[in-house]
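The basis for the numbers below is simple: all heavy atoms, side chains too, and nothing from hydrogens, waters or symmetry mates. Chain identifiers are assigned alphabetically (A, B, ...) following the order of the sequence lines, protein sequences preceding nucleic acid strands; residue numbering begins at 1 within each chain.
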Amino acid sequence: MPDTQVPSDVVSALPEWYRSTARDLPWRRPEFHDEFGAWGVLVSEFMLQQTPVVRVIPHLDAWLKRWPTPARMASASAADVVQQWANLGYPRRALWLHRAAVEITDRHGGVVPRGVDDLLALSGIGDYTARAVAVFAYGDRHPVVDTNTRRVLARAVEGRAQPGAPSRRDLDLMASLLPDDIDAAAMFNAAAMELGATVCTSRSPRCELCPLAGSCAWLAAGRPDTGDERRRQAAYEGSDRQARGAVLRLLRTLDPEPVPLAAVLPDWPDAGQRDRAIDSLIADGLAEADGSALFLPR
DNA sequence: AATCCGTGGAC
DNA sequence: TGTCCAAGGAT
């Protein structure tokens with residue numbers, strides 16, 4: 001466990017701030033849990049993996065109304081899932097979510113597992129999502145560390161501008177800060193994420209609104225640029241990802257109609273890149289080909 | 001451990 | 001206008 005001195009108001013001021021200012025998000029409402037249970041939380045967490053909250057919200061309800069249980073989703077085709085995923089981005093997540101639904105149906109009797117290890121064993125679920133489901137769906141006591149929490153800890157406790165690579169130390173530190181009370185611990189996890197999402201933001205932190213301003217190590221040091229910035233995302237324009245996105249958008253638009261291979265982005269600037277995109281989509285299970293045409297996976 | 005994987009809003 | 005970045009995970 002890190003021996004860093006943790007300011008007391010990280011523990012005391014954060015919950016009060018959360019109670020008074022937290023956003024009213026769908027997955028935080030009691031009705032959401034009544035209607036969709038842990039499956040609803042799991043689906044929301046999949047969608048929230050690298051897709052902003054405001055873009056997830058419009059898709060979540062339709063998804064859960066269509067597939068209200070893991071078993072219902074397990075019986076859908078991959079094509080239906082990719083289609084419903086629409087423009088949420090990183091469509092492999094739709095495939096992983098579908099796979100997880102099958103695994104839950106087969107291995108857990110259709111009930112979203114509660115244990116972190118069982119959750120970690122599901123497709124598309126890593127350290128963050130496993131603990132988020134255990135905590136936010138089942139109310140158990142675990143540290144939940146996403147990119148927001150990691151940034152809050154990096155600044156308030158370590159005095160660095162940006163978090164370094166994710167590590168187990170973040171989980172250990174968060175675990176050391178959690179209140180003993182189970183419900184309070186769950187709220188503390190949510191509060192740290194909320195602070196990072198709305199106040200302690202990556203680009204323009206609003207320190208004047210921060211409940212931790214009185215003890216933040218980074219603010220006290222004058223908000224130094226500590227030089228440990230996040231690695232820059234590769235350019236999207238002209239990238240392989242852009243090509244894959246364009247191909248898959250075409251398949252989605254024409255689905256269920258197969259697209260003759262000759263009609264797949266014939267005017268794409270780089271034909272080799274386009275062909276590699278098609279091959280990689282097939283390799284990922286996001287597309288299928290019958291030799292003359294391309295289509296979403298049946 | 002570094003890289004790859006979509007999409008779109010904000011600045 | 002281009003850059004940054006968003007409730008990550010897999011390889």
Quick one about [Y] and [X] (side-chain donor to acceptor, distance below 3.5 Å, no hydrogens or angles considered), yes or no?
| X | Y | value |
| --- | --- | --- |
| Arg23(A) | Thr198(A) | no |
| Glu45(A) | Tyr128(A) | yes |
| Trp268(A) | Gln273(A) | yes |

Measuring only the [atom1] atom in each nucleotide, how far is [N] from [M]? A whole number of Å is fine.
| N | M | atom1 | value |
| --- | --- | --- | --- |
| dT11(C) | dG6(B) | P | 14 Å |
| dC4(B) | dA7(C) | P | 23 Å |
| dA1(B) | dA6(C) | C1' | 22 Å |

Is there, by distance only and without an angle test, a donor paired with an acceptor across the side chain of [X] and the base of [N] below 3.5 Å?
| X | N | value |
| --- | --- | --- |
| Thr147(A) | dG8(C) | no |
| Gln233(A) | dC5(C) | yes |
| Arg55(A) | dT7(B) | yes |

For [X], which contact category applies under a 4.0 Å heavy-atom criterion: base, sugar-phosphate, or nothing?
| X | answer |
| --- | --- |
| Gly89(A) | base |
| Arg249(A) | sugar-phosphate |
| Leu88(A) | base |
| Leu281(A) | nothing |
| Trp85(A) | nothing |
| Arg276(A) | nothing |
| Thr129(A) | sugar-phosphate |
| Phe46(A) | nothing |
| Asp127(A) | sugar-phosphate |

Please determine, for the side chain of [X], which listed nucleotide ([options]) has the closest atom?
| X | options | value |
| --- | --- | --- |
| Arg28(A) | dA10(B), dT7(B), dA7(C) | dA7(C) |
| Tyr236(A) | dG6(B), dG8(C), dC5(B) | dG6(B) |
| Gln49(A) | dG9(C), dG6(B), dC4(C) | dG9(C) |
| Ser202(A) | dC5(C), dC5(B), dA7(C) | dC5(C) |
| Gln50(A) | dG6(B), dG8(B), dG9(C) | dG6(B) |

- Item | Short N-O contact, Lys65(A) and Glu35(A), less than 4.0 angstrom | yes
- Ion pair check, Arg169(A) and Glu158(A), cut-off under 4.0 Å: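 Here Arg169(A) does not pair with Glu158(A) in a salt bridge, since their nearest N and O are not under 4.0 Å apart.
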What is the distance, rounded to the nearest whole Å, between atom [atom1] of [X] and atom [atom2] of [N]?
| X | N | atom1 | atom2 | result |
| --- | --- | --- | --- | --- |
| Arg150(A) | dA7(C) | CZ | C1' | 11 Å |
| Met193(A) | dG8(C) | CE | P | 8 Å |
| Arg241(A) | dC5(C) | CZ | P | 14 Å |

- Query: Given dG8(B), is OP1 or OP2 found less than 4.0 Å from the side-chain N or O atoms of Asn87(A)?
  - Reply: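 The answer is yes; a side-chain N or O of Asn87(A) sits under 4.0 Å from OP1 or OP2.
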- Taking the nucleotide of DNA chain B with the closest heavy atom to each, which residue, Leu248(A) or Ala234(A), is nearer the 5' end? Ala234(A)
- Between Asp284(A) and Ala165(A), name the one whose nearest nucleotide on DNA chain B is closer to the 5' end.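 Closest to the 5' end, via its nearest nucleotide, is Ala165(A).
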